[in-house]
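This report refers to the structure that appears directly beneath it.
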Amino acid sequence: MGAGTGSYEPSRTVLAVEPSSVMIAQRPAGSARALEASAESIPLPDDSADAVMALLTVHHWRDLEAGIGELRRIARRRIVIFTFDHDINRRFWLLDEYLPEAAAVDDTRVVGLDRLVTLLGGARIETVPVPHDCADGFLAAFWRRPEAYLDPHVRAGISLFARTSDEVIQPGLARLSDDLSSGRWHHRHADLLHRETLDAGYRLLITDL
């Protein structure tokens with residue numbers, strides 16, 4: 001669900017559901033068949049999938065209750081949701097020190113873990129540490145590579161930047177650039193430079209039906 005261009009799909013994916021025709025058009029050859037539909041209205045029969053997966057997408061849904069209800073309707077055995085704990089994610093250095101205004105704008109889309117667990121009818125929660133060389137490009141993936149956030153191509157793949165105006169973003173990025181040039185960032189975050197992973201709040205919710 002919310003499959004996008006196919007970056008997250010395991011090889012056994014049978015059907016990818018994505019509301020954007022633009023993203024569907026960017027899916028590589030050989031990807032699973034894509035269905036253009038939203039989470040809130042999935043045109044599939046009840047109990048039609050062994051498992052349903054939704055990764056970094058629930059905070060984009062217009063109607064969370066309807067979307068989770070649809071996942072529960074079509075899944076027979078398991079629902080897996082990859083999301084983030086806002087309270088922890090909000091303390092990530094990029095948001096806390098450089099982009100608090102952007103984070104405040106993003107606060108309006110927050111989906112609490114407790115709410116998700118309730119809507120799912122229960123779930124176990126697993127912490128997903130982010131490796132320092134994470135190959136993906138989500139918000140905290142570059143926690144040990146701060147210069148990446150100055151690259152517009154990197155920012156283009158992060159929804160927070162896509163949803164926030166340059167007027168809000170650029171002052172913080174200018175401060176980050178200055179701190180990297182002066183060495184202030186490396187001094188302030190010396191404890192991060194030799195770490196292999198970071199808990200930036202990302203969580204896996206797993207519901208067995």
[Y] reachable from [X] in the ILVMFWY side-chain graph, under 4.5 Å edges:
| X | Y | result |
| --- | --- | --- |
| Ile158 | Val128 | yes |
| Leu55 | Met23 | no |
| Val111 | Phe92 | no |
| Leu119 | Leu56 | no |
| Ile88 | Leu192 | no |

Work out which heavy atom in [X] is nearest to a heavy atom in [Y]; give both atom names and the distance.
| X | Y | value |
| --- | --- | --- |
| Ser21 | Glu36 | CB-OE1, 3.7 Å |
| Ala16 | Ala3 | CB-CB, 3.5 Å |
| Asp63 | Glu40 | N-OE2, 3.1 Å |
| Ser159 | His59 | OG-NE2, 4.3 Å |
| Ala102 | Val168 | N-CG1, 3.7 Å |
| Pro28 | Thr5 | CD-O, 3.3 Å |

(message) For Gln170, I'd like to know if atom CD has over 12 heavy atoms of other residues, nucleotides or ligands within 6.0 Å.
(response) yes

Answer yes or no: is there a side-chain heavy-atom contact under 4.5 Å between [X] and [Y]?
| X | Y | result |
| --- | --- | --- |
| Pro43 | Leu35 | yes |
| Asn89 | Arg91 | no |
| Leu173 | Arg155 | yes |
| Leu94 | Leu176 | yes |
| Arg144 | Glu196 | yes |
| Phe138 | Tyr202 | yes |
| Ile79 | Ile81 | yes |
| Arg27 | Glu9 | yes |

Going from [atom1] on [X] to [atom2] on [Y], what distance comes out if it is rounded to the nearest 0.5 angstrom?
| X | Y | atom1 | atom2 | value |
| --- | --- | --- | --- | --- |
| Ser38 | Arg62 | OG | CZ | 7.5 Å |
| Phe82 | Leu205 | CZ | CG | 11.0 Å |
| Leu198 | Cys134 | CG | SG | 11.0 Å |
| Arg115 | Leu120 | CZ | CG | 11.5 Å |
| Leu95 | His86 | CG | NE2 | 9.0 Å |
| Leu204 | Phe84 | CG | CZ | 14.5 Å |

(request) Classify the angle between the aromatic ring planes of His189 and Trp93 as parallel (below 30°), tilted (30 to 60°) or perpendicular (above 60°). (result) tilted

(request) Assign the ring pair Tyr149 / Phe142 to parallel, tilted or perpendicular, where the plane angle (0 to 90°) is split at 30° and 60°. (result) perpendicular

[X] and [Y] ion-paired at < 4.0 Å:
| X | Y | answer |
| --- | --- | --- |
| Glu97 | Arg188 | yes |
| Asp47 | Arg76 | no |
| Asp46 | Arg73 | yes |
| Arg203 | Asp199 | yes |
| Asp208 | Arg78 | yes |
| Glu126 | Arg124 | yes |

(request) Might you work through the side-chain contact (heavy atoms from CB on, under 4.5 Å) test for Asp178 and Arg184, ending with a clear yes or no? (result) CA-CA 8 Å; Asp178 288 344; Arg184 283 190 296 267; 3.9 Å; yes

Between the main-chain N or O of [Y] and the side-chain N or O of [X], is there a donor-acceptor pair closer than 3.5 Å?
| X | Y | result |
| --- | --- | --- |
| Arg77 | Val52 | no |
| Thr197 | Pro129 | no |
| Thr13 | Pro10 | yes |
| Trp143 | Val130 | yes |
| Glu18 | Ile24 | no |
| Ser48 | Leu44 | no |
| Ser20 | Val22 | yes |

(message) When you compare the side chains of Asp179 and Tyr98, does any donor N or O come within less than 3.5 Å of an acceptor on the partner?
(response) yes

(message) Please determine whether side-chain contact (heavy atoms from CB on, under 4.5 Å) holds for the pair Val58 and His60, giving the CA-CA distance in whole Å, both sets of side-chain angles, and the decisive distance to 0.1 Å.
(response) CA-CA 5 Å; Val58 294; His60 295 298; over 6 Å; no

(message) Evaluate Asp136 against Tyr8 for side-chain contact (heavy atoms from CB on, under 4.5 Å), listing each step before the verdict.
(response) CA-CA 9 Å; Asp136 206 308; Tyr8 297 122; 2.6 Å; yes

(request) Step by step, work out the side-chain contact (heavy atoms from CB on, under 4.5 Å) result for Leu150 and Leu180. (result) CA-CA 10 Å; Leu150 303 179; Leu180 289 173; 3.9 Å; yes

